[in-house]
Amino acid sequence: MYLADTLSRAYLPNSEQSPTEKEVESIHMLEDIAVSQKTLALIRIETQQDESLQAVKGLILEGWPEDKSRLPPGTSPYFDIRDELTYDEGIIFRGQRCVIPVKVRPRVKQRLHSAHTGIQATLARARECVFWPGMTSDLTDYLSHCEVCATFAPKQRSEPLINHDLPKRPWQKLGIDLFELNNKNYVCVVDYFSDYFEVLPLPHKKDTRAVVRRLKSIFAYPKSNGKAESAVKIAKGLLRKTTEAQEDFQLALLNWRNTPTAGLDSSPAQRLYGRRTRTLVPTASKLLIPRTQNRVVAKKAEKQKKQKQYYDKSTKELPPLKRGDIVRVQPQSNAQSKRWHKARVEKQVDSRSYLVRSENGNIVRRNRKHLRTCSSTFSDQSDIFSTPTSVTREQPEPSTSEAKRSDTNSPDHVAKSPRREANNDIREPQLAEETHEPPRPARRSTRARHPPARRAAN
Ligand SMILES: [Zn+2]
């Protein structure tokens with residue numbers, strides 16, 4: 001064929017590369033790697049100074065021994081990848097990746113992490129252009145010591161849900177919460193068994209005594225938690241809507257209490273009173289006859305289990321912390337600064353709650369989720385047992401499980417933030433004392449909490 005004939009005559013007279021061709025090839029090799037000329041020069045010098053790399057160079061040029069035991073010292077980490085290793089212009093390559101001598105590694109690590117990307121991103125970038133034995137663990141360690149990343153870390157994943165114990169009868173276990181709507185203050189008390197809740201307006205000046213007086217009109221010191229939070233959410237919704245529609249809030253509440261709860265086949269009123277209550281909706285008198293609600297606990301437990309399964313899909317259990325562990329504390333949701341400040345664990349106060357001491361000496365109580373372990377050093381050398389200067393309560397944030405629940409009008413509110421649940425009780429009398437601070441704006445996070453002293457009597 002004509003074409004083939006032409007080509008067959010156009011073969012290169014010899015396969016030897018001209019100096020220019022050689023240069024072009026080696027420039028390509030070096031240009032492919034994302035390392036600056038200055039660093040390359042440094043790598044070249046340090047490769048020459050590095051004993052094990054010089055030995056590796058020798059092996060590349062002269063051939064590797066069959067047996068690993070006959071390797072020169074310091075070269076065994078390279079044995080398994082010997083087929084990928086090349087030597088070019090004073091630099092050893094693993095494929096396209098530059099092998100970094102020991103002395104240049106700190107500089108390269110710093111360059112690789114200059115954008116303060118996470119471990120996976122930093123490793124991905126490293127694996128594109130550089131190599132040294134143990135690079136992954138080296139970089140992981142380097143990142144774990146990065147103060148900048150520790151200070152501005154993302155939130156940790158939520159921990160699996162801790163379900164509350166289901167009460168066996170009405171008013172056995174209560175949740176309470178305060179809330180503010182349109183410049184008015186309210187207290188909301190919810191019964192765990194029936195989901196029935198009361199909403200009471202508070203006097204305009206809200207101080208602790210007013211709240212306690214109001215509470216005593218219903219019950220003694222119940223505790224706050226996710227259950228109360230969800231009742232507050234419903235109460236707020238009803239208040240907003242009835243105000244907007246200029247309807248009666250109490251009537252709306254009455255209707256809500258008589259609405260069957262999804263998955264339970266009974267309404268809060270039925271669970272609390274054993275019967276439906278009269279509403280403005282025409283109801284046959286037969287339906288108003290008391291009838292004990294069976295299997296409420298079993299049905300609730302079933303529902304709780306499902307909610308936990310669903311919730312736990314996106315969660316991760318965090319290992320417990322020990323006293324003396326150095327941690328970074330997540331900034332509170334309302335904080336201006338997004339810095340995770342350093343602290344030392346003083347004491348575990350609940351399954352997921354810890355007292356931590358900041359470097360300025362302040363003791364704060366935080367949930368495990370808001371504490372990230374870190375390998376930083378801690379500058380405060382004060383005695384770990386010394387008295388805390390002040391104790392700040394944790395600022396609650398919107399609970400994930402609450403946010404996930406689609407139907408906020410649903411009367412069932414078993415799921416709640418595991419953090420709140422874990423933080424409900426202050427079991428240490430000592431801490432309870434410390435949290436009795438001067439009256440502050442009544443927020444959930446800051447109010448004094450009382451041990452449920454009279455709950456046993458209920
Ligand atoms: Zn960093």
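Both ligands and their constituent atoms are indexed starting at 1 by order of listing.
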Exercise. Does one side chain, of T151 or R328, offer a donor that lies under 3.5 Å from an acceptor on the other?
Worked result: yes
For this session: Could I get the full list of side-chain contact (heavy atoms from CB on, under 4.5 Å) partners for C146, not counting sequence neighbours?
Result: H113, H116, V148, C149
Exercise. Would you say the side-chain atoms of T315 and S158 include a donor-acceptor pair closer than 3.5 Å?
Worked result: no
Atom pairs and distances, donor-acceptor, side-chain atoms in residues 72-81, under 3.5 Å, two or more places apart:
| unit_1 | atom_1 | unit_2 | atom_2 | d |
| --- | --- | --- | --- | --- |
| T75 | OG1 | P72 | O | 2.6 |

For this session: Anything protein N/O/S under 2.8 Å from the Zn ion (ligand 1)? Just list residue and atom, please.
Result: H113 NE2, H116 ND1, C146 SG, C149 SG
Problem set entry | Set of residues satisfying salt bridge (charged side-chain N to carboxylate O under 4.0 Å, His left out) with respect to D138, sequence neighbours excluded | K109
Exercise. Counting distance only, does the side-chain N/O of D50 pair as donor-acceptor with the main-chain N or O of S52 below 3.5 Å?
Worked result: yes
